[in-house]
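Remarks on the structure that follows.
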Amino acid sequence: MWGCTHGQSSKPTTQSVEKQSFEPKNGTKRKRAGPPNSIEDKRDEQPVKLKTSNDAAATTPRNTSSSKAPKDGTQTSNGLSEKPLKRQKPESSPQAPRSSHGASQPSQPSNKTSRHRQHSDRGQSLPPHLLRKRDELLPVRKALPIWPQASAIKAALKKNNILVLTGETGSGKSTQVPQFLMNEPWCTKCIAITQPRRVAAISLARRVAEEMGSFMGSQSPVAKVGYSVRFDNATGPNTKVKFLTEGMLLQEMLRDPIMSQYSAVVVDEVHERSVNVDLILGFLRNLVSGVETGGKSTRTHPLRVIVMSATADVESLVTFFEDGQTSSKQEQGAKNPIAQKGGAQTQEGGAMQVKPGRISTCFVEGRQYPVKTVYLPQPTQDWVESALKIIFQIHYKEPLPGDILVFLTGQDTIEGLEKLVNDYAEGMDKDVPKLLALPLFAALPQHAQQRIFQSTPFRTRKVILATNIAETSVTVPGVRFVVDCGKSKIKQFRNRLGLESLLVKPISKSAAIQRKGRAGREAPGQCYRLYTEDGYNTMEERTIPEILRCDLSQSILTMKARGVDDVLNFPFLDRPPREAMEKALLQLLHLQALTDTGTISDQGLKIAKFPLTPTLGRVLVEAAKPERDCLLDAIDIISALSVENVFLNLVTEERKEEAEEARRELYRREGDHLTLLVTVQRYAEERTDRKVWCEKHFVSHRAMQNVMNIRKQLQQQCMQLKLLSKDDTQSDSAPSEARSQAILECMLRGFIHNTARMMPDGSYKTLIGNQTVAIHPSSVLFGRKVEAIVFNEFLFTGKAWARGVSAVQLDWVSEVVEAIM
DNA sequence: GAGCACTGC
């Protein structure tokens, strides 16, 4: 897990507090220390200001951090702020061993909990170590660029319900804004702060708890800070500041459309533009403008919304919340199945509408050392070779310390360059420091990823060869040089074919700036771009938001489940093409998640509540039907399909053969789905040592632990939806032939579009769309000829492949296909 | 006989 470095690192900077600025850095020194390197440094043109758009700018005192911080920006070791940020003592770390199972588990009443039960929440009687920590951290907080803005931010939210806050890395916005707001008179309930990633939600909550001198989550009833991520809910009755992942908030919004437990929602990292953040913003805009909150479900107090973003794209966000009233009016008359259930009536329009000028904006400077940009004089085709040259150029020219972070596109280029670097490094003179090449990508086992945090051996420079993972998800310490190939792999959904492809594409300017910034987190740095300045200038300004390039069926089902019937007029920050939305609507209709009139069906409501794609949700609902009666088996299979790679990928031929042999007892001739079922069942039955079992069968233990979590969650949710009864949780082993057939027929109900039949020449063609597909070599059915197949995934990599394949009978498929045609 | 950027419920 990222985010849990308890100070073993040689540097005090841990990624778990990366949102904090932990350097005693001078916020102003940065400005002109670097060369006139890029067009993106607009910070100097933008004074620190906070204004409301309906009155004159109320300029606040300029960020005072620069006067408090040491003037020398290169002075990295200064006790003032580094020391308190170290996670030194275990006692100061408010983390208890936590159960990672089911969010619904009650917190265990421990001695510790009852001992603190009588504590007042004023803090005086809290344990001294928490208070000491809090007091230690206060000066650090005060030195953050956002600190002087506290009163202006509070004033803005007294006046207006919406605040758009732009703050760069290191401004402290994620940790401080909730603390500024929590004691405001209007803030009688909880504040939610969303994060795109689990680690960020958890580590920010820990940090804020420390800063407040509070317990965390379920540690104590008086705990004021908590977090909620999948499989891990650490909130208590008095949680006032709650960090959660975007997906978690969306789930809550389905259960409680008006968000009655919150006084404010802070949407952080909006610039990353995940699909979930786009949905949240649309729902919030409807909510604050009084749309689809009709009747009895109207809020008594207005919800405060704080939208936080790193890039200065304030205008579009302000416009988004100001305008678009036309589309919301259209939705006003729309039926809301959730509200209707309670006999609610649609509220008359306009009562809580956001009028122009009711939105505040705020800009806060970040803290970043200057980074010099170097472009290639000529464009190159072979950027692996260019990267190699530049790595050694840096290594020979630049003194230690200073690690190199290289951004590449994927595992293969990373491993290729790793080998090259190692080969060349062997031939270096003895008096030159060593080079240590470290790969970093998500599929790399956890222990291998952790190597980047280990301290560098004496006279050695690390070269981290990374994918996009290092752009946002992982902060690599010690980096002073960035090498950016200017490309990344992007998944694109092709509407017409209904398949996804993974393509290597040029990155956007904003991504290039993000990558470059990774060199200036601890000291001034350099960024070598493996493209020309002209190349940079021709890049798109921003990365295309995910919602414009993904399959929309899950998003649209979520919208429908939340009562947005007219999805074509949903307030999107960026509206997906109509074609993509219609494609998704049609798919949902085929899944019988929608009725013929386009309203959500009972079945659709159930599907929407599962943490699954609509196709997989549909399979579950089908499996629960009495005539199928194979829900537990379906849950096992779907859990395994929800994680990537249960079976380990082996490299050498020898190991592959070994694995084939060991797994033979798991393989089922019906195909991959039943093979997964057997694997999950055997793993679950294993009582002695599951880890050993995994090693023996070349199965990923980490993946299987995740499968078990998902399996448990799905079983619980099926019980809540009354699809499963309590006394029915013991799955039978080894499904009979009849049950195998039932399982595959359920799969067909979800994957109608992913079916193909064998042609006379032995190739396969999809029943819908008539596309040629081939069974992927990773399938147990590879090389076999069967009359028809159903498959989990349709992907294009040079050729159209079907992955996750099972054999079915043609007449089963025909029956399902005819039903929707 | 191929190959897989990254999140998340």
Side-chain angles (χ1 to χ4, degrees), chain A residues 2 102-103 194-201 228-233 244-255 269 272-280 407-416 440-444 466-474 485 487-492 500-505 507 511 514 543 546-547 549-550 554-555 557-558 561 607-614 616-617 638-639 642-645 647 649-651 653 656 660 706 709-710 713-714 716-717 774-779 781-784 793 795-804:
Chain A
W2 305 112
T194 69
Q195 291 295 322
R197 282 167 289 278
R198 298 163 55 94
V199 270
S228 173
V229 300
R230 191 182 189 183
F231 309 130
D232 193 359
N233 179 12
L244 30 57
T245 45
E246 293 159 355
M248 223 47 199
L249 186 72
L250 273 179
Q251 289 285 318
E252 287 188 2
M253 287 171 100
L254 284 186
R255 291 195 296 272
E269 310 283 17
E272 288 191 23
R273 293 298 304 277
S274 64
V275 175
N276 284 344
V277 108
D278 281 21
L279 290 182
I280 287 172
F407 283 100
L408 298 162
T409 52
Q411 183 174 348
D412 51 345
T413 46
I414 286 173
E415 286 170 349
L440 178 65
F441 47 90
L444 203 67
T467 61
N468 271 356
I469 194 173
E471 214 175 280
T472 48
S473 306
V474 178
C485 76
K487 304 265 197 292
S488 72
K489 283 190 185 173
I490 299 268
K491 194 179 241 179
Q492 209 131 26
E500 286 175 327
S501 343
L502 205 55
L503 305 166
V504 176
K505 294 218 157 173
I507 58 170
Q514 177 76 22
T543 311
E546 196 186 356
I547 201 153
R549 49 186 172 82
C550 74
Q554 193 164 12
S555 307
L557 187 62
T558 306
I607 295 172
K609 287 188 177 138
F610 287 117
L612 299 169
T613 58
L616 287 172
I638 285 166
S639 305
S642 300
V643 303
E644 76 256 64
N645 286 341
F647 296 112
N649 251 343
L650 287 321
V651 185
E653 276 310 309
K656 274 180 193 172
E660 284 291 307
N706 209 1
N709 275 334
I710 297 170
Q713 186 187 35
L714 291 176
Q716 284 170 347
Q717 288 182 331
I775 296 175
H776 197 272
S778 63
S779 171
L781 287 187
F782 178 76
R784 295 236 332 259
E793 204 181 1
L795 81 154
F796 192 90
T797 44
K799 186 174 174 182
W801 295 105
R803 270 204 324 194

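Throughout, a chain's letter reflects where its sequence line sits, starting with A, and its residues are numbered from 1.
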Q) Hey, which of these two, A:T613 or A:R549, hits DNA chain B nearer its 5' end, going by closest nucleotide? A)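 By nearest-heavy-atom nucleotide position, the 5'-most residue is A:R549.
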
(Q) Which is more 5' along DNA chain B, the nucleotide nearest A:R230 or the one nearest A:P777? Just name the residue. (A)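 The residue closer to the strand's 5' end, by nearest nucleotide, is A:P777.
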
Could you tell me whether the phosphate oxygens of [N], OP1 or OP2, come under 4.0 Å of any side-chain nitrogen or oxygen in [X]?
| X | N | value |
| --- | --- | --- |
| A:R803 | B:dG3 | no |
| A:S274 | B:dT7 | no |
| A:T409 | B:dA5 | no |

Over how many whole Å does the gap from [X] atom [atom1] to [N] atom [atom2] extend?
| X | N | atom1 | atom2 | value |
| --- | --- | --- | --- | --- |
| A:E471 | B:dC6 | CD | C1' | 10 Å |
| A:N709 | B:dG8 | CG | P | 14 Å |
| A:F782 | B:dG3 | CZ | P | 11 Å |
| A:E415 | B:dG3 | CD | P | 15 Å |
| A:I710 | B:dC9 | CD1 | P | 10 Å |
| A:K656 | B:dG3 | NZ | P | 12 Å |
| A:N233 | B:dC9 | CG | C1' | 13 Å |
| A:N645 | B:dC6 | CG | P | 12 Å |

Contact class for [X] (heavy atom, under 4.0 Å): base, sugar-phosphate, or nothing?
| X | answer |
| --- | --- |
| A:T467 | sugar-phosphate |
| A:R197 | sugar-phosphate |
| A:L502 | base |
| A:L612 | base |

Q) Mind checking whether A:F231 and A:N706 have side chains closer than 4.5 Å, heavy atoms only? A)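 Side-chain contact under 4.5 Å: yes.
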
(Q) The criterion is side-chain hydrogen bond (donor to acceptor under 3.5 Å, both in side chains); which residues satisfy it with A:N276, sequence neighbours excluded? (A)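 Partners of A:N276 by the side-chain hydrogen bond (donor to acceptor under 3.5 Å, both in side chains) criterion come out as none, since no residue qualifies.
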
Q) Which residues pass the side-chain hydrogen bond (donor to acceptor under 3.5 Å, both in side chains) test with A:Q251, sequence neighbours left out? A)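 Scan of A:Q251 (side-chain hydrogen bond (donor to acceptor under 3.5 Å, both in side chains), adjacent residues dropped) gives none.
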
(Q) Which nucleotide wins on minimum distance to the side chain of A:W801, given the candidates B:dC6, B:dC4, B:dG3? (A)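 So the side chain of A:W801 is nearest to B:dG3.
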
Q. Do A:E272 and A:T472 have side-chain N/O donor and acceptor atoms under 3.5 Å apart?
A.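 No.
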
Q. Rounded to the nearest 0.5 Å, how far apart are CZ of A:R803 and CZ of A:F782?
A.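 Reported value, rounded in 0.5 Å steps: 14.0 Å.
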
